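The structure appears right after this line, and notes come after that.
Fair warning: this is a prediction, and the values are worked out from it, not measured in the lab. Just so it is clear, the values below take in all heavy atoms, side chains as well, and ignore hydrogens, waters and symmetry mates.
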Amino acid sequence: MPFIQADSVFKEFRDDGYWGTPAQEPSSAFVPGSISYDAIHHGKLKLFGNYSAGARISIIWGILCNGEAITIFDAVVINQCGEYGKTPIISELSFLRFWRGQHYQSPADISLMEFKFGISHLEEWHDQKYFEYLPTEDRNEIILRYKRPPEIKLFENDKVEIRFQYFTARNSCIAQRESGLSHGARIVIKDKKDCLPFYNSEEQRGIEFYYEHMLALFVLLIGESVYSFDLHGLSHIEQTEIANAQSVSSTKPFPVFVHYVDSQYCGHCAPKTLVHWDLIFTYASVKEQLPELVTKWFAEEEKISYAIGDFVGFCNSAFPITRVTLAQLTFALEGLHGRIFETAQNSEKQLCLLRETVSAFGEKPEQKYIKLKERFYHSLRIYKAVLGDPSDKELYLLAQDIADFRNDISHCKQQETRITQSNFFFFSRFVNELLAAMLATLAGMSIEQITARFVEVYGFRETNNHIQKYMKKRSTESSDQNAK
């Protein structure tokens, strides 16, 4: 199966075949039906049979017309139609993912030697020169020169090795109307010992853990709607050939493909080409520290888990930004701040610092615990250079307004706050920007490095300009009120 284009994740997969459960072996007991799948609507299976609406089927096996084996996990019956008398004869099932190439008894049976997948915008992120056209003087001959970039080792531990690599494919036309060479980047996770389970379990982390964390990391680095595509692996476990009910042992690598797209990693619009001012951290900006960055990312995964879901969800969301959007990001910011800055060894130090700064604004600080607005203020002070170095008073008033908004949502006060509907869009983008800065800090980037990149990103500049105007206006209003 060739490596497919990044936009193919939006193209529907559809095929006919015969379907049944492992209990219905041999395949002569399977019933005809059709399968369809796309990343937005996920999977649908229509087959002959009367299944109760809402029933969940843990495993479904299929054999396509070309003989390819299909395994579907956790399908739910959502509709019944085509009644014969009073008995529905066609059932429609929905599912999130399925495996092509092999029949499995359970998710625990899926173990892979190697797992490869593409990520949208990897080529723009890497931003290297690959192709060169060399025409002769008379323009009657053109030489296409291509230089494949070397592999990059991203991560390695005692279980897996993760690499960034390119592949090439030749495009030609039988009628000799066109010819060309295309390439793409992908991530390769290779088991260092034998075969590693794909799915996570209580006993160990599977390939799924490394896949999801690499995908989340590139959401941070790219900062746009990012999704994976063309996921496939190599397995050499024993196969069962359902078509003729014979067991066949395989010692050579056997390819399997998974249609596995998490909705939070899939934007609902066609992919676009990005340029360097669209990306948060380009390859050039992290080239020297990339392996250390990825290692740190995995080492800090417990802290990162408190906010990465909301950060990724916002970057990939196709829905309008609302009050709830800002509230979710604010909660994520609060939780991440607590995990980073309020550990046992530095909580007292941070508390003393906040007491000093809060006292400067004429407020009496708490002696026992840090208030929410003080947490936000602390985060804003660390990354104040991103906002053009505003005054501490402006930052404190901004932190107070964010805290008031969070408290109003959390305690269902339904009171009027300074952050109104007209500001939800820019404040949501701003809080998400803060989350990106804090996540980058966890990955080992310096404040100077983060600031240098953030002032280059067009979307951040637009957001920060809006927040700066808000802070100036807020500071003026506060001064006028104190003067009265």
Distance alone, cut at 3.5 Å: any donor-acceptor contact between the side chains of [X] and [Y]?
X	Y	answer
Y211	S228	yes
N423	H466	yes
E394	Q468	no

Shortest non-hydrogen contact between [X] and [Y], atoms and distance:
X	Y	answer
V294	L154	CB-O, 3.2 Å
S34	D16	CB-OD1, 3.1 Å
P149	H126	CB-CE1, 4.0 Å
A437	Y383	O-OH, 3.6 Å
A436	F454	CB-CZ, 4.1 Å
L220	I280	O-CD1, 3.6 Å

Below 30° counts as parallel, above 60° as perpendicular, anything between as tilted: where do the rings of [X] and [Y] land?
X	Y	result
F98	F95	perpendicular
Y199	F73	perpendicular
W99	Y104	perpendicular

Give me each pair satisfying salt bridge (Lys or Arg N to Asp or Glu O under 4.0 Å) with a member in residues 423-448, each pair once, sequence neighbours excluded.
R429-E462
Is the shortest distance from a Lys or Arg side-chain nitrogen in [X] or [Y] to a carboxylate oxygen in the other one below 4.0 Å?
X	Y	result
E301	R205	yes
R406	E334	yes
D408	R323	yes
E132	K147	no

With sequence neighbours excluded, residues passing ring pair (Phe, Tyr, Trp, His ring centres under 6.0 Å) with [X]:
X	result
F218	W125
F427	Y470
Y130	Y166, H183

Y210 vs N157, side-chain contact (heavy atoms from CB on, under 4.5 Å): CA-CA, chis, key distance, verdict:
CA-CA 11 Å; Y210 299 100; N157 62 12; 3.2 Å; yes
Check: [Y] main-chain N/O paired with [X] side-chain donor or acceptor under 3.5 Å:
X	Y	value
H103	I63	no
W19	G62	no
N407	A403	yes
S120	Y227	yes
D191	V160	no
H213	F209	yes
E123	A185	yes

Please confirm whether the ring centroid of F115 lies under 6.0 Å from the ring centroid of F117.
yes
Ring-ring centroid check H337 F376, cutoff 6.0 Å:
no
Can you sort out the partners of [X] under salt bridge (Lys or Arg N to Asp or Glu O under 4.0 Å), two or more places apart, ordered by chain and number?
X	value
E161	K153, R163
K384	D392
E300	K296, K303
D401	R474

Please tell me if the side chains of [X] and [Y] come closer than 4.5 Å, counting only heavy atoms from C-beta onward.
X	Y	value
Q449	Q289	yes
L333	T330	no
I152	L290	yes
M471	L387	yes
R56	D74	yes
Q165	R148	no
I78	L93	no
L221	Y283	no

Rounded at 0.5 Å granularity, tell me how far [atom1] in [X] sits from [atom2] in [Y].
X	Y	atom1	atom2	value
L45	Y37	CG	OH	13.5 Å
Q400	K373	CD	NZ	4.5 Å
L196	I189	CG	CD1	9.5 Å
D404	R418	CG	CZ	8.5 Å

Under the side-chain contact (heavy atoms from CB on, under 4.5 Å) rule, what do F314 and L326 come out as? Steps first, then yes or no, please.
CA-CA 10 Å; F314 181 81; L326 178 56; over 6 Å; no
Quick check on K469: does its NZ atom have over 12 non-hydrogen neighbours (other residues, nucleotides or ligands) under 6.0 Å away?
no
Under the rule for side chain to side chain contact (heavy atoms under 4.5 Å, CB included), what residues qualify as partners of [X], not counting sequence neighbours?
X	value
Q328	D310, V324
D15	F13, I35, L64
P197	S111, Q204
E456	R453

M445 vs V286, side-chain contact (heavy atoms from CB on, under 4.5 Å): CA-CA, chis, key distance, verdict:
CA-CA 9 Å; M445 299 186 199; V286 297; 3.9 Å; yes
Walk me through whether T441 and I447 qualify under side-chain contact (heavy atoms from CB on, under 4.5 Å).
CA-CA 7 Å; T441 301; I447 303 298; 4.2 Å; yes
As a quick check of understanding, evaluate salt bridge (Lys or Arg N to Asp or Glu O under 4.0 Å) for K44 and E92, giving each step before the final call.
CA-CA 7 Å; K44 296 289 187 296; E92 182 177 356; 5.4 Å; no
